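Small disclaimer: the values here were computed from a predicted structure and weren't measured. Residue numbers run from 1 in the order of the sequence given.
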Amino acid sequence: MDGQPPHFHGHRQRLRNRFVKSGLAGFADHEVIELLLTLAIPRSDVKQPAKALLARFGNLRGILDAPLAELQAVSGIGTVTPVALRVIREVASLYLQQSAESHDALIDPYVLARFWRLRIGALSNEVFQTGYLDSGYRLLRDGIETLEEGTADRAAVYPRRVIEAALRRGAAALVFAHNHPNGDVQPTEQDKVLTRALVLAATPVQIKVLDHLIVSPDNGFRFRQEGLL
C-alpha cells in the first residue's frame, strides 16, 4: 500500500530487537550477515545480499577476510559496504589487542591463537609480527609490530633488528607470530632456524622468548607447545 514503509524495515527492526535481547544466540548465519549489512545499507533489503555473500565466501570470516574488489562484485553490495566490513574486521582485531594490553591474557595459548589468526591468518603474503611484553608478560601499549612483510611464502627477518626494537621499547619478553598463506602451519626448516637465532639473540640481553606461532585462518602451531622452545 502507498505510504507504507517497505516490508524489510520491519525485518531489520526485528533483527535488532532480537540482538538487543539475546545477542547473536539463535541467529542463523545469514541473519548475522544481514544484521551487519543493516549498518552499511540503510534503505534496501539486505537478505538477498547476505545470502549471496555467504554463497560466495562460505561464512562470516570468509566475508570479513575477502578482498574489497571481490566483495564489490557481489550483487547489491556496492562500494561502501565492503569498506564498512573491513572496518568491522579491523575494529575486532584492535579490540583483541587492547584486551591483551589490559590483562595477562596474551600468554594464554587460546588467546594467542585467536588473536593472531584474526590479525594475520588470512593475509595473502607472509607477515612476521612481534608482540612486546613487560616483565609481568602483559602486552605493552601498542605492543604489536609488523617487522617484515614478504611474498606469498617468505618474509625476511633479521634477529638483530628484532632485538634492537625490543630494547627500544623496554620489553622483557617477546612473542613472535607469522602466517603461512598456503594454510599449512607446520614449521619449515627455515622457521626453526630463525626461531633458534631469535632465542640466541635475546638471551644475552635477558629478554625471554615466550613463544613463536604460525597461523592460518583455521589453525595455529605453537613452538613452545611442540617442544621447539
Side-chain angles (χ1 to χ4, degrees), residues 12 15-16 18-42 46 49-54 56-72 74 77-133 138-146 149 175-181 183 185 211 213-222:
R12 286 166 172 257
L15 286 175
R16 291 169 180 164
R18 285 171 57 194
F19 176 76
V20 170
K21 182 177 180 180
S22 305
L24 294 177
F27 272 63
D29 289 348
H30 70 88
E31 290 177 323
V32 175
I33 309 306
E34 287 178 52
L35 188 62
L36 286 180
L37 293 184
T38 64
L39 303 177
I41 303 176
V46 293
K51 290 184 175 180
L53 286 170
L54 280 173
R56 178 156 184 173
F57 301 109
N59 55 28
L60 174 63
R61 192 194 67 223
I63 293 168
L64 294 181
D65 287 341
L68 296 180
E70 292 188 25
L71 291 169
Q72 291 171 4
V74 176
I77 293 303
T79 58
V80 174
T81 300
V83 177
L85 293 174
R86 182 59 52 83
V87 169
I88 290 167
R89 183 186 184 281
E90 293 305 313
V91 167
S93 177
L94 181 60
Y95 170 80
L96 288 175
Q97 177 174 335
Q98 291 184 351
S99 295
E101 291 171 356
S102 301
H103 302 90
D104 295 332
L106 190 64
I107 58 173
D108 183 307
Y110 299 105
V111 173
L112 279 172
R114 182 180 64 180
F115 177 78
W116 262 297
R117 282 204 311 267
L118 174 63
R119 190 176 178 90
I120 62 174
L123 298 180
S124 58
N125 288 340
E126 189 166 309
V127 172
F128 184 93
Q129 295 192 332
T130 300
Y132 301 99
L133 292 86
R138 293 193 305 178
L139 190 65
L140 296 173
R141 184 172 179 82
D142 298 321
I144 301 292
E145 182 178 16
T146 297
E149 296 187 41
V175 176
F176 304 115
H178 76 279
N179 61 314
H180 278 180
V185 297
D211 214 338
L213 288 84
I214 303 172
V215 296
S216 72
D218 298 304
N219 297 306
F221 180 96
R222 294 182 57 230

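One finds the CD1 atom of Ile88 at 9.5 Å from the OG1 atom of Thr81 (value rounded to the nearest 0.5 Å). Note that CG of Leu118 is 8.5 Å distant from CG of Leu64, once rounded to the nearest 0.5 Å. For the atom pair CZ (Arg119) and CD (Glu90), the distance works out to 8.0 Å, reported to the nearest 0.5 Å. Atom CG of Leu213 sits about 6.5 Å away from atom CZ of Arg222, to the nearest 0.5 Å. Note that CD1 of Ile120 is 10.0 Å distant from NE2 of His180, once rounded to the nearest 0.5 Å. Between atom CG of residue Leu53 and atom CD of residue Glu70 there is a gap of 11.5 Å, rounded to the nearest 0.5 Å.
Side chains of Phe27 and Leu15 form a contact here, defined as non-hydrogen atoms less than 4.5 Å apart. Contact annotation: the side chain of Leu36 approaches that of Leu60 to within less than 4.5 Å [non-hydrogen atoms, C-beta and beyond]. Within the 4.5 Å cutoff, the side chain of Leu133 has no heavy atoms near those of the Arg138 side chain. The closest side-chain heavy-atom distance from Arg12 to Ile41 is below 4.5 Å. Side-chain contact between Thr130 and Val175: absent, with no pair of heavy atoms (C-beta onward) separated by less than 4.5 Å. The side-chain heavy atoms of Thr79 and Val83, taken from C-beta on, include no pair separated by under 4.5 Å. No side-chain heavy atom of Asn59 sits under 4.5 Å from any side-chain heavy atom of Ile63.
For Ala122 against Pro217, the heavy-atom pair with the smallest separation is CA-CG, 3.8 Å. The heavy-atom pair separating Ala84 from Ala40 by the smallest distance is CB-CB, 3.7 Å. Contact between Leu35 and Thr38 at its shortest, heavy atoms only, is O-OG1, 2.6 Å. Of all heavy-atom pairs between Ile144 and Trp116, the closest is CD1-CZ2, 3.6 Å. Looking at every heavy atom in both residues, Pro181 comes nearest to Glu126 through CG-N, 3.7 Å.
A donor-acceptor contact shorter than 3.5 Å links the side chain of Asn179 to the backbone of Asn125. Between the Arg18 side chain and the Gly26 main chain, a donor and an acceptor come within less than 3.5 Å of each other. Arg56 places no side-chain N or O within 3.5 Å of a backbone atom of Leu71 that could act as its donor or acceptor partner. Ser216 places a side-chain N or O within 3.5 Å of a backbone atom of Asn219 that can act as its donor or acceptor partner. With hydrogens and angles disregarded, no donor-acceptor distance shorter than 3.5 Å links the side chain of Ser22 to the backbone of Phe19. At least one donor-acceptor pair closer than 3.5 Å links the side chain of Glu31 to the backbone N or O of Ala28.
Taking the ring-ring contact (aromatic ring centres under 6.0 Å, His included) definition, one finds that Phe57 meets it with nothing, sequence neighbours left out. Qualifying salt bridge (Lys or Arg N to Asp or Glu O under 4.0 Å) partners for Arg89, counting only residues two or more places apart in sequence or in other chains: Asp65. In this structure Glu145 satisfies the salt bridge (Lys or Arg N to Asp or Glu O under 4.0 Å) test together with Arg169, sequence neighbours excluded.
In summary, Asp218 and Arg61 engage in a salt bridge, as defined by a charged side-chain N under 4.0 Å from a carboxylate O.
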Using side chain to side chain contact (heavy atoms under 4.5 Å, CB included), reason through Leu68 and Arg86 one step at a time and then give a plain yes or no. CA-CA 8 Å; Leu68 296 180; Arg86 182 59 52 83; 3.9 Å; yes
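Under the 30°/60° scheme for interplanar angles, the aromatic rings of Phe128 and His178 are found to lie parallel.
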